[in-house]
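Okay, structure first, notes after.
Note that these values count all heavy atoms, side chains included, but never hydrogens, waters or copies made by symmetry. Note on naming: letters A, B, ... go to the chains in the order of the sequence lines (proteins, then strands), and numbering restarts at 1 for each one.
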Amino acid sequence: MTHEQKNILSVRDMEREEIDKLLSSAAAFDRGNYTGRELEGKILAVLFFEPSTRTRMSFSAAMMRLGGKILNLGSVEATSITKGETLSDTIRVISGYCDAIVLRHPKEGAARLAGEVASVPVINGGDGAGQHPSQTLLDLFTIRESMPIENIDVGLQGDLRYGRTVHSLAFALSKYNNIRLHTIAPDGLNFPKFIKEDLQDVGVELIVHDHIEDALPELDVLYVTRLQRERFPDPVAFANYASTYRITPELLELAKPGMIVLHPLPRVDEIDPAVDDLPCAKYFEQAHNGVPIRMAMLNEVIN
Amino acid sequence: MVKTISDGIVISPIKNGTVIDHITPGEGLTVLRILGIRDGTNVTVIVASNVPSSRGGRKDMVKIENRELLKDEVDKIALVAPDATISIIRNFKVSVKKTVEVPKQITGVIKCPNPNCITNTKEPVQSKFVVHPRGFRCQYCDSLISSEMDIGDYI
Ligand SMILES: Nc1ncnc2c1ncn2[C@@H]1O[C@H](COP(=O)(O)OP(=O)(O)OP(=O)(O)O)[C@@H](O)[C@H]1O
Ligand SMILES: [Mg+2]
Ligand SMILES: [Zn+2]
């Protein structure tokens, strides 16, 4: 472990200034403000111990746009991991092959461990139900493209109990001034108590709504997430909730002009495809923003 | 046989060893677990549970023969018994007496309650917890062992 090594493991432990710097750098990349030689001669090891097409592809695309090269793990079955090698050993060995590592792993805290043993920078590409900083940064980036992240009302809808993207986004937003978080979640799937308390500690105002209709007129941002059947106590509870859980153009008439709709994707039924063509629908743009954000992250840790 | 009267109860004195007094009532056995003393360990131990304390209320008390507790073991005890006093006994006399202090960071003592935490795998890594206003937080997965939970269950 070298001490000057720069990792990006969790937005929670980043300073607001570091986040803003990444967002600004992503904005420059997004405007095409780069030569494509920034990371020339550099190699990024892409270590995904779990399937994730989008995150993996967008990190790879980001590296290639900046002129760098990719080293892929290949399928987990074919590697020494199945021979029982520890992640720590894998990371130590692969550190010698590359200039940075992006890691996706099913265990929470895996990226932090990797950061401790690696001799090159580590970026957390998602660890279990834990942190997924590039997702959070691209969420912030997408909001910032539409409005300053200050004095806004952000609605978080869906599974707020297990959904790591919303936890991480909530903490990231808490670093900004005057943010009010509105939660719209099914029974039993609101923020866990410890998350609520942590958010209150850092001065976030939390407003709980039972119905999306009540929240919508107040929101500047609506962040919709996918519901997972297995999180519900029984199939009937799921069916009942899911049938009412759909953002439609009619519903959006309740919203303020200028409100934007985000979704980490993939979506199932929670957003009517008829919403896609409305100006408020920003979720595909959000997905595209994954590339400039990851360019900024790679450039930050490698350069 | 010599007896000492302590806090109103009669206990047999030890020649050399450690006395842990003023343990939070009910936590005496957890203290033993923290110290790695369990069935089959060849150490003479006396546990007194829920005895009246001279400071009021009740307490647990543990006496261990022929073992002097080290600094990091003392810190671990503070997790379940913050008011404990540790007396090192040499030749029947209290030779060193110290209080315990909850460390800001605890390495390798607490087992993370999250079964999916990287510290609960075969990775060569020790758990790391930091003190949080409402409990202890895992440095790896952010899980919180809140003050309402019994931390002794995770030791
Ligand atoms: N030789 C011994 N064998 C067993 N226990 C002992 C021996 N000497 C002292 N102790 C115990 O060690 C603890 C600390 O001894 P000390 O003389 O400081 O007690 P104390 O004056 O009651 O202090 P406190 O206010 O902390 O209770 C007491 O619980 C005492 O009973
Ligand atoms: Mg006493
Ligand atoms: Zn943990």
Side-chain angles (χ1 to χ4, degrees), chain A residues 1 7 9-14 47 49-50 81-92 103-118 122 124 126-133 136 162 164 167-168 170-172 191-203, chain B residues 24 26-27 30 33-34 71-72 75-76 78-82 101-155:
Chain A
M1 178 171 42
N7 301 319
L9 303 176
S10 157
V11 170
R12 238 182 121 156
D13 47 45
M14 284 169 80
L47 257 59
F49 292 91
E50 257 187 352
I81 290 98
T82 41
K83 294 176 194 138
E85 187 179 57
T86 60
L87 174 67
S88 310
D89 280 3
T90 305
I91 295 289
R92 280 196 186 92
L103 175 73
R104 159 69 63 101
H105 197 276
K107 297 284 176 185
E108 287 103 60
R112 194 167 299 275
L113 172 62
E116 287 172 359
V117 298
V122 173
N124 186 358
D127 54 349
Q131 300 295 323
H132 191 5
T136 305
Y162 300 98
R164 67 172 174 195
H167 296 171
S168 170
F171 283 110
F191 279 137
K193 185 163 169 268
F194 73 94
I195 299 260
K196 262 188 224 157
E197 289 173 335
D198 281 355
L199 286 170
Q200 278 154 356
D201 278 356
V202 290
Chain B
T24 311
E27 299 291 355
T30 312
R33 196 159 73 240
I34 293 175
K71 167 80 179 132
D72 67 324
D75 285 346
K76 293 183 208 179
L79 293 172
V80 293
E101 203 187 5
V102 180
K104 293 266 169 296
Q105 178 170 316
I106 304 124
T107 301
V109 179
I110 304 171
K111 184 177 153 52
C112 183
N114 171 10
N116 207 40
C117 177
I118 193 74
T119 61
N120 287 322
T121 64
K122 63 179 169 56
E123 292 298 322
V125 60
Q126 288 192 300
S127 74
K128 266 191 214 84
F129 278 76
V130 289
V131 176
H132 176 272
R134 283 178 301 279
F136 298 92
R137 185 185 293 288
C138 173
Q139 280 296 82
Y140 286 90
C141 75
D142 288 342
S143 288
L144 184 72
I145 300 179
S146 73
S147 319
E148 293 138 42
M149 295 155 82
D150 183 0
I151 187 134
D153 293 347
Y154 303 99
I155 288 171

Got a donor-acceptor contact below 3.5 angstrom from the B:N116 side chain to the A:A129 backbone?
no
To the nearest 0.5 Å, what is the distance between OG1 (A:T90) and CD (B:E123)?
7.5 Å
Worked check of side chain to side chain contact (heavy atoms under 4.5 Å, CB included) between A:D198 and B:H132:
CA-CA 10 Å; A:D198 281 355; B:H132 176 272; 3.1 Å; yes
Taking atom CD of B:Q105 as the centre, does the number of heavy atoms from other residues, nucleotides or ligands within less than 6.0 Å exceed 12?
yes
Given salt bridge (Lys or Arg N to Asp or Glu O under 4.0 Å), test B:K128 with A:E116 step by step and report yes or no.
CA-CA 13 Å; B:K128 266 191 214 84; A:E116 287 172 359; 3.6 Å; yes
Determine the option with the most heavy-atom pairs under 4.5 angstrom with chain B, choosing from A:G109, A:G128, A:S10.
A:G109
Please classify the contact of B:T121 with chain A as side chain, backbone, both or neither, using a heavy-atom distance under 4.5 Å.
side chain
Is there a side chain to side chain contact (heavy atoms under 4.5 Å, CB included) between A:K107 and B:N120? Walk through the geometry before answering.
CA-CA 9 Å; A:K107 297 284 176 185; B:N120 287 322; over 6 Å; no
So, taking the atom named CG in A:L113 and the one named SG in B:C141, what distance separates them when rounded to the nearest 0.5 Å?
12.5 Å
CZ (A:F171) and CG (B:D142) are apart, to the nearest 0.5 Å, by 8.0 Å
When the 4.5 angstrom heavy-atom criterion is applied to A:E197 and chain B, the contacting part is both
Measure distances from A:P106 to the heavy atoms of chain B and classify the residue's part below 4.5 Å as side chain, backbone, both or neither.
backbone
Quick check: do B:I118 and A:R112 have side-chain heavy atoms less than 4.5 Å from each other?
no
Kindly compute the distance separating OH (B:Y140) from CD (A:Q131), expressed to the nearest 0.5 Å.
15.0 Å
Before accepting this row, confirm whether a basic side-chain N of the pair A:K193/B:E148 lies closer than 4.0 Å to the acidic partner's carboxylate O.
yes
Is there side-chain contact between A:S88 and B:V125, with at least one heavy-atom pair below 4.5 Å?
no
